[in-house]
Amino acid sequence: MPELPEVETIARGVNARVRGDRITEVWFSKHKQPFKTSASIQAKGLAGRTILSVHRTGKHIVCELGDAGLNETSKNEPTAQWIVHLGMTGRLLVTTPEGPIAAHTHARLSLESGREVRFVDARRFGRLEFRELKRTEGFSAAGQEPMTVGTVEFAGLFRGRKLAIKAALLNQGLLSGVGNIYADESLFQAGIRPRRRAGRLTRDELERLRLSLLAVLSDSIRLGGSSVSDYVDADGVRGFFQLEHCVYLRTGQPCRQCGTPIKRILVAGRGTHYCPKCQG
DNA sequence: CATTTCACCTGGTGGC
DNA sequence: TGCCACCAGGTGAAAT
């Protein structure tokens, strides 16, 4: 469900509540879920570990884990990671153990402090993964981070590509973290049609797009993300950026800039919203 | 290789 | 109220 701003908001919330806590008990539902790591391996790996920190990479929530047991020397060195991808409907919540168990709860981590981390996912598009860190690098998403990528590198991502710019924005191998909402919103702000071929955009248009994306993503993070249907942060609180959307899910409604009705088309199989007047 | 399409799931909404 | 078609923030495998 969530894109970069929502994942960032959740990761910050979870980090603030569980950083330094220890996982005492792990539970997984029997419901079949196509995890990247089997439930039993995750359960075994997570039990006893300390959560050193929680952060976002692309659309992934990465929990850095310290060794199980008492290990004073390497206390702050992560030796494993628990990686959570929320798919479309996934939630990662920090609750008390007494709280009612929501339908589609697939994982529960009991913590020493008494808190509980829960993974809930109706559609089961989410993915959980447990990794031991040997000497290898930490987890990194394939694409560039859209909020820190520079002008030249950003433009380079699209050079020579024939696919629609909207489809390119959604490709996690190019940029990681951009989904349907922020692709549409950034293209609106940059005044670019979603179906334009990526490789045909001018240098100016690409720079406008990069800056629009940065602005839209940081505004959304500031407002706690977009709650379109059921997105909530680690405390179950909704975001407010959906109130700022200019085009996304506003089919037929007047453009906030010129009053023209917003159009909906299909690009790369995804509902795509744009203003026919403001965008090209 | 690049690009497109489709399957994977459940739930909410709006029309009849 | 019920039934049905359609829509939904994502990804990765299969097809083109």
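Just so it is clear, the model here is predicted, and its values are computed rather than measured. No hydrogens, no waters, no symmetry mates; every other heavy atom, side chains included, goes into these values.
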Respond yes when some side-chain nitrogen or oxygen of [X] is under 4.0 Å from OP1 or OP2 of [N], and no when none is.
| X | N | result |
| --- | --- | --- |
| A:Lys59 | C:dT11 | yes |
| A:His85 | C:dT11 | yes |
| A:Lys166 | B:dT3 | no |
| A:Gln172 | C:dG10 | no |
| A:His104 | B:dG11 | yes |

field: Summary of side-chain hydrogen bond (donor to acceptor under 3.5 Å, both in side chains) pairs that have at least one residue in residues 163-176 of chain A, sequence neighbours excluded
entry: A:Lys166-A:Asn180, A:Lys166-A:Asp184, A:Lys166-A:Thr272
statement: Secondary structure of DNA chain C per the Watson-Crick/G-U criterion (both distances under 3.5 Å; [ ] crossing, | other strand, . unpaired) is .|||||||.|||||||
Just the rounded figure in Å: distance from [atom2] of [N] to [atom1] of [X].
| X | N | atom1 | atom2 | answer |
| --- | --- | --- | --- | --- |
| A:Ile165 | B:dT4 | CD1 | P | 12 Å |
| A:Lys162 | B:dT3 | NZ | C1' | 10 Å |
| A:Leu169 | C:dG10 | CG | P | 12 Å |
| A:Arg127 | B:dA7 | CZ | P | 16 Å |
| A:Asn171 | B:dC1 | CG | C1' | 13 Å |
| A:Arg159 | B:dA2 | CZ | C1' | 17 Å |
| A:Leu157 | B:dT3 | CG | P | 13 Å |
| A:Leu170 | C:dG12 | CG | P | 14 Å |

4.5 Å side-chain heavy-atom contact, [X] and [Y]:
| X | Y | value |
| --- | --- | --- |
| A:Val228 | A:His245 | yes |
| A:Tyr182 | A:Pro5 | yes |
| A:Thr151 | A:Arg210 | yes |

message: Over all strands shown, is A:Gly179 touching base, sugar-phosphate only, or nothing at heavy-atom distances under 4.0 angstrom?
response: sugar-phosphate
task: Would you mind classifying the nucleic acid contact of A:Arg161 as base, sugar-phosphate or nothing, using non-hydrogen atoms under 4.0 angstrom?
output: sugar-phosphate
- request: Output the single nucleotide from B:dT3, C:dG12, B:dT10 whose closest atom is nearest the side chain of A:Lys36.
  value: C:dG12
- prompt: Is A:Arg12 salt-bridged to A:Glu8, cutoff N-O under 4.0 Å?
  reply: yes
message: For residues A:Leu65 and A:Ile61: do they belong to one hydrophobic cluster (side chain heavy atoms under 4.5 Å, members Ile, Leu, Val, Met, Phe, Trp, Tyr)?
response: yes
message: According to a cutoff of under 5.5 Å between the ring centres and under 30° between the ring planes, does A:Phe125 stack with the base of C:dT11?
response: no
Without hydrogens or angle criteria, can the side chains of [X] and [Y] be said to hold a donor-acceptor pair below 3.5 Å?
| X | Y | value |
| --- | --- | --- |
| A:Thr79 | A:Arg49 | yes |
| A:Asp233 | A:Thr9 | no |
| A:His85 | A:Glu129 | no |
| A:Thr24 | A:Glu112 | no |

What protein N or O atoms touch nucleotides 4-8 of chain C N or O atoms at under 3.5 angstrom, if any, and at what distances?
{"residue": "C:dA8", "atom": "OP1", "partner": "A:Arg264", "partner atom": "NH2", "Å": "3.1"}
{"residue": "C:dA8", "atom": "OP2", "partner": "A:Arg264", "partner atom": "NH2", "Å": "2.8"}
{"residue": "C:dA8", "atom": "O3'", "partner": "A:Tyr248", "partner atom": "OH", "Å": "3.2"}
{"residue": "C:dA8", "atom": "N3", "partner": "A:Arg123", "partner atom": "NH1", "Å": "3.1"}

